[in-house]
Amino acid sequence: MRVLVVGSGGREHALAWRLAGSTAVTEIFSAPGNSGTALVGTNLPVSDTDIDGMVKAATDRSINLVVIGPEVPLALGLADRVAEAGIPCFGPSRRAARLESSKSFARDVQDAAGISGPEYRVFHNASAALAYAEYRDRPLVVKADGLAAGKGVAMCANLEEAKSAIMMCMQDRMFGEAGETVVIEEWLHGPEISVFAFADGENLSEVVAATDYKRVGEGDTGPNTGGMGSYGPPTPWDETLAKQVRSEIMLPVIRELAARGSPYRGALYCGLMLTDDGPRVLEFNCRFGDPETQAIMPRLVSDPAEVMMACATGSLDDVAPVEWSDSPVVAVVMVSGGYPGSYETGLEIHGLEESAFDDNDSMVFHAGVSHAADGSGHLVTSGGRVLTCVGMGDNIDQARHHAYGRAAEIRFDGAYYRPDIAMLASGQTARIP
């Protein structure tokens, strides 16, 4: 099987790395890929938003399976175009991908499927949104309706913050067209977890969960980011909760989309808040998360190529049940100084070996990493989220120790990472510097 992985982040490096371990895969291509995906396959100079170019690349290289990592090409209809070319694709159609590309659409699907979530309202003009925020006058969550690279959600503790978030979306257009419509939700309380499953349009695999850290600062302070770290299995996760989430939340979504003529094939993500009244849905995404993928791919026991091909061809029930390991994994994201705001690029990275992993205890997935333009072969930063250090172990303390041990060995000017990823899960009170 010749596989093309679409995307260029840490998620895509993790997917390419895990697919390269499949006995069914003979060759891995990544487009555009990064310095990490180049270690396990061949990078192609095609942007993940160049739909025509991506289809041509897949056709020219006789690709047997396309695996789409990021949300933007899904929203642009890449899966539809790949399928039209006769190539199996792991990723939902443009219509099904609205589950992520439109938060108002996702809430409509959720309501129709009878799934519990926060109280919410959808607004298409700023004055009505401001009036509603003033009427509620309590902590609220303001979300840009469209895709905003994980940064379109504002947790607003008071009325002034809510008003500011609304104006940034709808007047200042901080997120462009994505903020023309906003969804305002009640602020829920409880542990937050990310749940993932494979879907083939009708059937759903066993689920796996991880915890994602979205705020940039220690103790969940500062602005939202694309993700600062992850670990799994989460502390509150157990078999009973897994069965409940699968049967009462994720399967109903698959069935509702199928009933609408938009069968969902690919990775389904559900962001949950575990409230005192039970699990409530915060959001759905139409792909594996980043950095959660870096924390769950090492736990995937089943052959990824076999499972993804089954999803793409509507035959998930014909393969063995998807198996996930319970061994703890901790992922710590290293970012450029200034992220998620402005930051420098081209900074040389020291201590990062030219390999996907060193041993069975830790590995590093590349994201904003590239080779220096001077031809020296040095690795330099090329993005805000630079890399993810992943640790495994017999328990969460060991996994955390190995992840932070790798992070401590890697250096570049302005490098930063949160010192408290998986800290509470490990029972530790002392943070790792």
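Not measured: the values here are computed from a predicted model.
- Here Met1 contributes atom CE and Leu65 contributes atom CG; the two are 6.0 Å apart, rounded to the nearest 0.5 Å.
- Panel note: side chain His366, backbone Gly36; a donor-acceptor pair is recorded below 3.5 Å.
- Listed by chain and residue number, nothing satisfies the side chain to side chain donor-acceptor pair (under 3.5 Å) test with Asp48 (two or more places apart in sequence, or in another chain).
- Between Ala24 and Asp303, the closest heavy-atom pair is N-OD2, 4.2 Å.
- No side-chain heavy atom of Thr225 sits under 4.5 Å from any side-chain heavy atom of Val335.
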Audit row: Tyr339, Tyr416, ring pair (Phe, Tyr, Trp, His ring centres under 6.0 Å) steps and yes/no: CA-CA 9 Å; Tyr339 176 83; Tyr416 167 77; 9.5 Å; no

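- Checked against salt bridge (Lys or Arg N to Asp or Glu O under 4.0 Å), Arg61 has no partners two or more places apart in sequence or in another chain.
- In summary, Arg136 and Glu186 do not engage in a salt bridge, as defined by a charged side-chain N under 4.0 Å from a carboxylate O.
- A donor-acceptor pair is defined here as one N or O able to donate and one able to accept, closer than 3.5 Å; no such pair exists between the side chain of Ser30 and the backbone of Pro32.
- Listed by first then second residue, pairs satisfying salt bridge (charged side-chain N to carboxylate O under 4.0 Å, His left out) with a partner in residues 310-319 number zero, not counting sequence neighbours.
- Looking at heavy atoms from C-beta onward, Arg11 lies in side-chain contact with Pro70 at the 4.5 angstrom threshold.
- The side chain to side chain donor-acceptor pair (under 3.5 Å) search around Arg81 returns Asp52, not counting sequence neighbours.
- Among residue pairs with one or both ends in residues 92-105, those qualifying as salt bridge (charged side-chain N to carboxylate O under 4.0 Å, His left out) are Glu100-Arg287; sequence neighbours excluded.
- Side-chain N/O atoms of Arg215 and Thr221 include no donor and acceptor closer than 3.5 Å.
- In this structure a side-chain-to-backbone donor-acceptor pair under 3.5 Å is missing from Asp172 to Met174.
- For residues 30-42, no pair satisfies salt bridge (charged side-chain N to carboxylate O under 4.0 Å, His left out), with sequence neighbours left out.
- Partners of Thr181 under the side chain to side chain donor-acceptor pair (under 3.5 Å) rule, at least two apart in sequence or in another chain, are His124.
- Looking at Arg246, its side chain does come within 3.5 Å of a backbone N or O of Ser205 through a donor-acceptor pair.
- Between Arg107 and Val281 the shortest side-chain heavy-atom distance falls below 4.5 Å.
- Few gaps surround CD on Gln244; more than 12 heavy atoms of other groups in view lie less than 6.0 Å from it.
- Sorted by first and then second residue, the pairs that involve residues 228-243 and meet salt bridge (charged side-chain N to carboxylate O under 4.0 Å, His left out), not counting sequence neighbours, are Glu239-Lys243.
- Using a distance-only test at 3.5 Å, with no hydrogens or angles considered, no donor-acceptor pair links the side chain of Tyr417 to the main chain of Val333.
- Side-chain contact between Leu274 and Leu241 is present, with at least one heavy-atom pair separated by less than 4.5 Å.
- Legend: residues meeting salt bridge (Lys or Arg N to Asp or Glu O under 4.0 Å) with Arg265, ordered by chain and number and at least two apart, are absent.
- With sequence neighbours excluded, the residues satisfying salt bridge (Lys or Arg N to Asp or Glu O under 4.0 Å) with Asp212 are Lys214.
- Side-chain N or O atoms of Arg18 include none that pairs as donor or acceptor with a backbone N or O of Pro304 at under 3.5 Å.
- Side chain of Thr381 to main chain of Gly383: no donor-acceptor pair is present (N/O by atom type, distance under 3.5 Å, no hydrogens or angles).
- Side-chain contact between Gln398 and Ile396 is absent, with no heavy atoms from C-beta onward closer than 4.5 Å.
- In this structure, Arg385 contributes its side chain and Asp290 its backbone to a donor-acceptor pair below 3.5 Å.
- Rounded to the nearest 0.5 angstrom, Leu251 CG and Leu204 CG are separated by 5.0 Å.
- Here Arg255 contributes atom CZ and Asn203 contributes atom CG; the two are 9.0 Å apart, rounded to the nearest 0.5 Å.
- Using cut-offs of 30° and 60° for the angle between ring planes, the Tyr135 and Tyr132 rings count as tilted.
- The shortest distance between side-chain heavy atoms of Val208 and Val195 does not fall below 4.5 Å.
- Taking 4.5 Å as the limit, some side-chain heavy atom of Leu78 sits within range of a side-chain heavy atom of Ile68.
- A salt bridge does not link Glu185 to Arg280: none of the charged side-chain nitrogens sits closer than 4.0 Å to a carboxylate oxygen.
- Between the side chains of Asp145 and Ser104, at least one donor N or O lies within less than 3.5 Å of an accepting N or O.
- Take Asp60 and apply the salt bridge (Lys or Arg N to Asp or Glu O under 4.0 Å) test, not counting sequence neighbours, and it matches Lys56.
- Distance CD/Glu292 to OH/Tyr213: 11.5 Å, rounded to 0.5 Å.
- Between Phe198 and Phe288, the ring center distance clears the sub-6.0 Å criterion.
- Although no hydrogens or angles enter the test, the distance criterion places no donor-acceptor pair under 3.5 Å between the side chain of Arg138 and the main chain of Ala157.
- Atom CG of Leu316 sits about 13.5 Å away from atom CE of Met309, to the nearest 0.5 Å.
- Under the side-chain contact (heavy atoms from CB on, under 4.5 Å) test applied with Ile193, the options Leu272, Leu282, Val245, Thr235 reduce to a single match, Leu272.
- Going from atom CD of Glu12 over to atom CD of Gln294 covers 8.5 Å, rounded to the nearest 0.5 Å.
- Glu323 meets the side chain to side chain donor-acceptor pair (under 3.5 Å) test with no other residue; sequence neighbours excluded.
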Could you please spell out the steps behind the side-chain hydrogen bond (donor to acceptor under 3.5 Å, both in side chains) verdict for Asn43 and Thr37? CA-CA 7 Å; Asn43 287 350; Thr37 60; 2.7 Å; yes

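- Tyr264 places a side-chain N or O within donor-acceptor distance of the main-chain N or O of Cys286, the cut-off being under 3.5 Å.
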